[in-house]
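In what follows, chains carry the letters A, B, and so on, assigned in the order in which the sequence lines appear, proteins first and then strands, with residues in each chain numbered from 1.
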Amino acid sequence: MQKLLNPGVYDTEVARYDQAIAELRGGRCACGYTYFPMQAYGCEKCGATESSLTEKRLSGRGTLVASADVHLHFGGGPKAPFVVGTIELDDGPTVRALLAEEKAGLTIGDPMEAILTSVGENEEGDENFDLRFRKLGGAK
Amino acid sequence: MANHLKDLQAVYVVGIGFHKYQFISETPYVVLGLAAAREALSDAGVDWTDIESAHVASALLPMAPGRAMLKHLGATGIPIQHVENASASGSTAFRNACIEVGAGMTDVSLAMGVDKPAMVAFAETQTGVPNLAERSIAPFTHFALLADRYSQKTGLSVEDMALVAVKDHLNASKNPYAQHQKERSLEKILGGKKIAGSFTSLQCTPVGEGAAAVLIASEAGIKRLGIDPSRVIRVTASAAGSEKVYDDAASFDAALTKDTTEDALKQAGLSPQDIDMVELHDAFTIEELEYVEAMGLCGEGTALQHLKEGAFDIGGRCAVNASGGLIAMGHPIGPTGIGQIGEITRQLRGEAGSRQHKDARKALAHMVGIGAVCYVHILEK
């Protein structure tokens, strides 16, 4: 079985997850503010309550704002080294994510896209897929 | 209209004390805190029985450390308020004590911070809202991303950014209360352990333990207790704010710093160019560059040029982190914001010895805290 590691945050419409284009599960308020991740506690911009907040699938396309090699890490998440980036999504919100790229090949302003990649099997033998950003049209 | 600190009765820092910031040890926090509190009392020449309230900042110690420590000065029964506000805990305790004295509820109050390193959870991870990769972004990685962006936008090199740490370690080498007290060459700083992005360990704050204390008094308190009026320093502004939704979401620390500093300067009736020295939240090198620009001490994208010209050195146009800052003096969390006030008071008194900034008359203290919150205070001779 294919499993999404963090299904509350992203999804895909592609049947085969490996390298599939991913969408981000954001939200939109009646005031016009688009945000990520989805929550229905209240709008950070205007304070509107749940009835004004609807889930909105955000395109995984965006622009690279910054990236960094992480050599040391503690407190959950993957083991270092890994590469992280800040991406301004075409749909508005700015997100931070793990990257499927070497830092050396990246420049701010690069067009990016969100894809799913295999991160190994869980205890039941399912294959887990997690979201990474890569340069738009990057190597398969 | 809302009142500012300057609209209340005048508030002065009258005593300062520290326990050296240091790497984690077996020393109980009580020993650290009592050393700072006793030094502040001695510095002001007052007795513990003269103190009418205590504001105790810590972010890493377990619940309610205050009375278990302060009772050893004599259990006088005064109100003790604990303050946790992330890295800005000490700044918040200071602000609360200033407001209390300014309002006339006490004439002499203690604001102090004490902490020891411990792993604590951030509430933002327990909101019930899932997130994408935030647990992969430690504070140093957050700032490494900002450093990458700033460097690519301005053409700054890895060596350029590390010059902030060279200055801060030089300043701290003259500060007996600093966790790092060694002058470090650019090569030494660049050659250290790699952390994230371009940061090496000596470009990141060494979170440790320590304590800092200040006594705050009204004019009535100063007169009644016979405190030397030539050594008191007035607090002329206290500004605080929290993160809003910004158009440039990635640079929220700088945007929040800009808004809060503007508020403080307006309260004091000053412009950025009037400020002789600044103690700011430089847990990582990039922060100093971003914040001096956000505060208006120099134009956008010009921080490096001013740094290289020596404008931010002790003796320069505006000394930035004469104490050594968070990078080199250290950042025990609870004490840090109080320690900034102690350093500024020492400097404005002209008692800073080999790290004395010449003609220091107006100074600004700045802390941000995860959350995000920001506190700015202005002190004037």
**Audit row: B/L132, A/F36, side chain to side chain contact (heavy atoms under 4.5 Å, CB included) steps and yes/no** = CA-CA 9 Å; B/L132 188 55; A/F36 173 84; 3.9 Å; yes

**Request:** Under the side chain to side chain contact (heavy atoms under 4.5 Å, CB included) rule, what do B/S136 and A/V70 come out as? Steps first, then yes or no, please.
**Result:** CA-CA 9 Å; B/S136 304; A/V70 178; over 6 Å; no

**Intermediate values then yes/no, side chain to side chain contact (heavy atoms under 4.5 Å, CB included), B/T127 and A/Q39** = CA-CA 10 Å; B/T127 60; A/Q39 55 82 17; over 6 Å; no

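Shown here is A/E55, whose CD atom has more than 12 heavy atoms of other residues, nucleotides or ligands within 6.0 Å. Counting non-hydrogen atoms of neighbouring residues, nucleotides and ligands closer than 6.0 angstrom, the CD atom of B/Q305 exceeds 12 such neighbours. For B/R135, the CZ atom is loosely surrounded, since the number of other residues' heavy atoms within 6.0 Å does not exceed 12. Atom NZ of B/K258 has 12 or fewer neighbouring heavy atoms from other residues, nucleotides or ligands inside a 6.0 Å radius. Within 6.0 Å of CD in B/E159 there are more than 12 heavy atoms belonging to other residues, nucleotides or ligands. Heavy-atom contacts from other residues, nucleotides or ligands closer than 6.0 Å to NZ of A/K103 number more than 12.
Ranked by heavy-atom pairs under 4.5 Å with chain A, the first of B/H142, B/M119, B/Q152 is B/Q152. Note on A/Y33, A/Y10, A/Y41, A/Y35: by heavy-atom pairs under 4.5 Å with chain B, the leading option is A/Y41. Counting heavy-atom pairs under 4.5 Å between each of B/L146, B/T141, B/D248, B/V129 and chain A puts B/V129 at the top. For chain A, the option among B/A138, B/A249, B/A196 with the highest count of heavy-atom pairs below 4.5 Å is B/A196.
Expressed to the nearest 0.5 Å, how far CD1 of B/I195 lies from NE2 of A/H73 amounts to 13.0 Å.
The two residues B/P130 and A/V9 come nearest to each other via the heavy atoms CB-CG2, 3.6 Å. Heavy-atom minimum distance, A/A97 versus B/A133: CA-CB, 3.8 Å.
Contact annotation for A/L64: neither backbone nor side-chain heavy atoms come within less than 4.5 Å of a heavy atom of chain B. A/I108 touches chain B through backbone and side chain together, each having a heavy atom under 4.5 Å away. Heavy atoms closer than 4.5 Å to chain A are found in the side chain of B/K193, but not in its backbone. Proximity to chain A is absent for every atom of B/Y150, based on heavy atoms less than 4.5 angstrom apart. For A/T86, the parts sitting under 4.5 Å from any heavy atom of chain B are the backbone and the side chain alike.
We find that A/D69 and B/K194 are not joined by a salt bridge, their nearest charged nitrogen and carboxylate oxygen being 4.0 Å or further apart.
No donor-acceptor pair closer than 3.5 Å links the side chain of B/N131 to the backbone N or O of A/P37. For A/H71 (side chain) and B/T200 (main-chain N/O), no donor-acceptor pair under 3.5 Å exists by modelled atom type.
The closest side-chain heavy-atom distance from A/R96 to B/L145 is below 4.5 Å.
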